[in-house]
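What you see is a predicted model; the values in this text were computed from it and never measured. Atoms considered below: every heavy atom in the structure, side chains included; atoms not considered: hydrogens, waters and symmetry mates.
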Amino acid sequence: MPATLYKYFKVCMLFLIWALPVAYCFIAFLPMPNGIRIGLDPSWQYALSRASADQLIFGRDIVFTYGPIGYLTSGAVLDKNFFSIVSFRFLVYFVLFGLVWIKFLKLRTKLTKASLILSLLFPFIFSKLSSNTTNEILFIFIIILLFYDGIFIRYWSLGLAVFAGLCLSLKLNLGVTILGSLLLLLSEKLYSSLKHKKNISLIVFAIIDSLLVTNSVLFITLDKSYINSFMKLIICIILSGIFGLSTWWVTRQVISRKILLTLGEVINSNQVLTRILKPRITGWCVFYFVYCFCFILIIFYFNHPLIDYLRGALEISSGYSSAMSLVGSKLELIVGISEMFLIFALLILGSREYSVGLSLSIAFILWMTFKHGFVRQDGHIIGFISSTPLLVSICITKAKTLPTIKFSFLIHIYLLLIMLIYGFTSNPFGNQSFPQGTNRLADFAPERVAARVSGLINLNKLQDEVNAKSKAKLSKIKLPDSVIELVKSKEIDIIPWEISLVEANKLNWKPRPIFQSYSAYTAFLDHLNMKSLSKKPREYIFYNFESIDGRYPFFDEPETFFYLFCNYRIADKFSEFINMPGLSKLMLLAKLNSSQCSTGTLAKKTSLPWNTSQSIEVGDGQVVRADVDFKYSFFGKIYKTLFRVPPINIVVIDVNGVKSEYRIVPDNAKNGIIISHLPKNPDDALSFFKGQFPVPVKSFSFSISNSLLYKGDIDVSLTSYPVAEILR
């Protein structure tokens, strides 16, 4: 065999040796679309897609941490959005793969290449990353940081700001993580050239352009004429980028310079102003003013709900640390903290070798993923565990001295070992959310890989398969024909969360803004729901007596629930439970002609110490509400921001001496929880909505594992409400 032919054959064989496994893994990890299922999480995933399909306005009609295009990453697949979701998720996957491949070719040493590949391979194998497009997008941003070298900083700020704005429209937490990381990345450039005031524009660009993209997404998704959602997304990014560049250029080159000359003449003619202001600084102030003015004009001229969307999503995020906190294994928390502090130590050690801005950016991502993972210490921690190796791989590629490089590799090995434990161990570190581990090795089976290839080649066939699975799942919550006949075409809502009922039975769903009760965990959010329900009352409401995390169902949205209690009762034609294979103990509530609750009378106002009982008196035909005001201490506010607040429990004793303990939501309790009558099970709740009150409560008290997080005593106001005979 000739030498040249042998060399060519050898190169081809070497290419096949590594290319075939890479291609196999690439196909095995392809993100496949999910159909409509039943349950708590599948229901909000369906609601995201349904809200977008129905052109509901995010921030007004719908308030959630996911934005108007959030269904692209986490929504359930509907006929209308199938190709949009598949296209977007495949695009994110391809971009991530492409960026990793480009960076892989640029790395010089085999060890740094191995660290990068393992940082991606382990999460995909052991943490089901490919089923979470949101994590993939965060990984794309981290990979982009690997390319950062400080050159063309203004274009970096604009490009990453557009990316951050897109992420704000997908999910608030993701957008805040990327935007905050971007601002810290730019902070070093700002600090190093502080004498040049024009560099402040980097921060202005990052914030304004991010919000601009978010506003553009809201603007385009409000268009009632149907355009492919994926094309809308591309259009909004292009328009936002053009606006950002053109506004900067026109303002900087034309407007501010002309005004600068005029202001300069005024300033120079006045000695006092000359001492206070300099023409150059004044010119840049004019630039900031004009740029921000253009942005504000766009928002308010079109009257789009950007402010509403951001406020609502921030309300949900701010209440998450207390309402949704879930305390898990201490050993697991220690492991997570050890990972975080080891990376912090690495950032400090290598602070002279890579930029301060990059170090701060990595630290911010680390803290955000840690908080998101360990506030609710269940499966959420996988997002943190899977991102840490990739963050360390940035340090490995930027490190210059041997001690820093060695330390980086040691930490990287430790992080990969932790992920291996999660991949192959049931209940890792005592976390009961992982009864079967989290590995995805079964996806490497040839038949599954072949199915993915088939779906990729024939998308219509894939859509039919997804629809068939959805239909099979939804058949388990098919309502009786008599119920469907009664509520057909009537406006309905569903409490607390099984929104999948809408698709299974083709119901006329008019959602509350916070469409799942457990998420209305601030007074503001609860009031939004009550206002929606009272201004446009639904004719029927499907209700289940259930909640999460040991909460009491009546406490999830107290003001809304009190309105529900006063204005709805069990439908006459269906006075018993509606039971289905996938959902039991379902009640159908019908709207009354008028409220059956009279004006309340303040019965008592007191300050209640922790673990101290407060007795109540309940008259015949009355219910008592308790407005409970838990006030955070200064330490508590900091602790809540940085980490989580342990659950608050309420202990109630009824007149028969039966003691019960429930979790209460602290940030909406001031809206007035019903405290006098607390049904203990669905059967009691059914009687309650028929007007047959259970045994009244005699006393209650509050307890928490760390009372230092709150100010002294708890303010409690008890108000009594007479109830009409129809409900008794």
Side-chain angles (χ1 to χ4, degrees), residues 40 43-44 46-51 53-64 312 477-480 482-520 525-547 553-554 556-575 577-578 580 583 585-597 668 671 674 682 685-686 688-691 724 726-727:
L40 188 148
S43 283
W44 67 252
Y46 166 74
L48 277 180
S49 292
R50 178 61 184 264
D54 291 350
Q55 295 290 325
L56 299 182
I57 302 175
F58 277 74
R60 295 176 184 170
D61 300 328
I62 289 290
V63 176
F64 203 45
I477 54 172
K478 183 71 174 176
L479 291 167
S482 55
V483 176
I484 296 177
E485 184 65 28
L486 176 66
V487 302
K488 183 174 61 177
S489 75
K490 302 290 177 46
E491 292 187 349
I492 65 98
D493 201 354
I494 298 168
I495 299 177
W497 59 65
E498 194 54 70
I499 314 300
S500 301
L501 275 170
V502 175
E503 187 69 18
N505 301 280
K506 307 304 178 185
L507 303 176
N508 184 17
W509 180 47
K510 299 299 178 184
R512 310 178 311 289
I514 300 83
F515 51 84
Q516 290 185 316
S517 299
Y518 74 93
S519 293
L525 298 173
D526 179 27
H527 184 69
L528 277 184
N529 272 2
M530 189 282 298
K531 191 163 62 173
S532 171
L533 205 58
S534 60
K535 284 188 175 181
K536 296 181 179 179
R538 286 53 161 177
E539 294 185 62
Y540 293 99
I541 291 188
F542 290 97
Y543 179 78
N544 275 104
F545 181 77
E546 58 183 333
S547 188
F554 290 6
D556 278 343
E557 41 182 346
E559 187 176 12
T560 306
F561 182 81
F562 185 68
Y563 176 86
L564 182 74
F565 163 73
C566 292
N567 292 273
Y568 289 82
R569 63 183 174 90
I570 294 293
D572 293 334
K573 293 184 178 180
F574 299 95
S575 58
F577 291 121
I578 302 171
M580 295 162 284
L583 184 65
K585 305 288 186 178
L586 181 67
M587 308 175 207
L588 180 62
L589 306 181
K591 179 72 174 66
L592 297 171
N593 293 327
S594 61
S595 174
Q596 304 306 304
C597 299
N668 68 15
N671 282 9
I674 292 180
L686 181 68
F688 182 75
F689 277 108
K690 291 179 178 179
I726 189 173
L727 281 181

Contacts of type salt bridge (charged side-chain N to carboxylate O under 4.0 Å, His left out), residue R538, not counting sequence neighbours | none
Any side-chain donor near an acceptor of the partner, [X] and [Y], under 3.5 Å:
X: N671; Y: D526; value: yes
X: N508; Y: S489; value: no
X: N529; Y: E557; value: yes

Residues, nucleotides or ligands: over 12 heavy atoms within 6.0 Å of [X] [atom1]:
X: K573; atom1: NZ; value: no
X: K591; atom1: NZ; value: yes
X: K585; atom1: NZ; value: yes

Do S532 side-chain atoms and L528 backbone N/O form a donor-acceptor pair below 3.5 Å?
-> no
Okay, side chain of Q516, backbone of L40: is any donor-acceptor separation there less than 3.5 Å?
-> yes
Taking the six-membered ring for Trp and the single ring otherwise, decide whether the centroids of F688 and F565 are under 6.0 Å apart.
->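 Centroid distance F688-F565: below 6.0 Å, so yes.
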Determine whether [X] and [Y] make a side-chain contact, defined as any pair of heavy atoms from C-beta on separated by less than 4.5 Å.
X: I477; Y: L586; result: no
X: F561; Y: P553; result: no
X: E539; Y: P537; result: no
X: L589; Y: F542; result: no
X: I62; Y: L48; result: no
X: L486; Y: F574; result: yes
X: M587; Y: N544; result: no
X: I578; Y: L588; result: yes

Exercise: identify the closest heavy-atom pair between [X] and [Y]:
X: P682; Y: F577; value: O-CZ, 3.2 Å
X: W509; Y: A47; value: CH2-CB, 3.9 Å
X: L525; Y: A520; value: CB-CA, 4.0 Å
X: S517; Y: I495; value: OG-CG2, 3.4 Å

Quick check for you: to the nearest 0.5 Å, what is the distance between [X] atom [atom1] and [Y] atom [atom2]?
X: Y563; Y: S595; atom1: OH; atom2: OG; result: 8.0 Å
X: D54; Y: D61; atom1: CG; atom2: CG; result: 10.0 Å
X: L686; Y: S575; atom1: CG; atom2: OG; result: 7.5 Å
X: L507; Y: K488; atom1: CG; atom2: NZ; result: 12.0 Å
X: S43; Y: E498; atom1: OG; atom2: CD; result: 3.5 Å
X: K490; Y: K510; atom1: NZ; atom2: NZ; result: 14.5 Å

Check the pair Y540, V483 against side chain to side chain contact (heavy atoms under 4.5 Å, CB included), reporting the backbone distance first and the verdict last.
-> CA-CA 11 Å; Y540 293 99; V483 176; over 6 Å; no
Take K478 and M580 through the test side chain to side chain contact (heavy atoms under 4.5 Å, CB included) and record every step on the way to the result.
-> CA-CA 7 Å; K478 183 71 174 176; M580 295 162 284; 5.7 Å; no
The single option from L56, V502, I494, I499 that satisfies side chain to side chain contact (heavy atoms under 4.5 Å, CB included) with P511 is L56
Exactly one candidate in N567, L533, I492 meets side chain to side chain contact (heavy atoms under 4.5 Å, CB included) with I541; the answer is L533
Test log, rule side chain to side chain contact (heavy atoms under 4.5 Å, CB included), inputs Y568 and L592 | CA-CA 5 Å; Y568 289 82; L592 297 171; 5.7 Å; no
Carboxylate-amine/guanidinium contact R512 D493, below 4.0 Å =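 D493 and R512: salt-bridged.
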Applying the ring-ring contact (aromatic ring centres under 6.0 Å, His included) test to F515, which of W497, W44, F64, Y46 qualifies?
-> F64
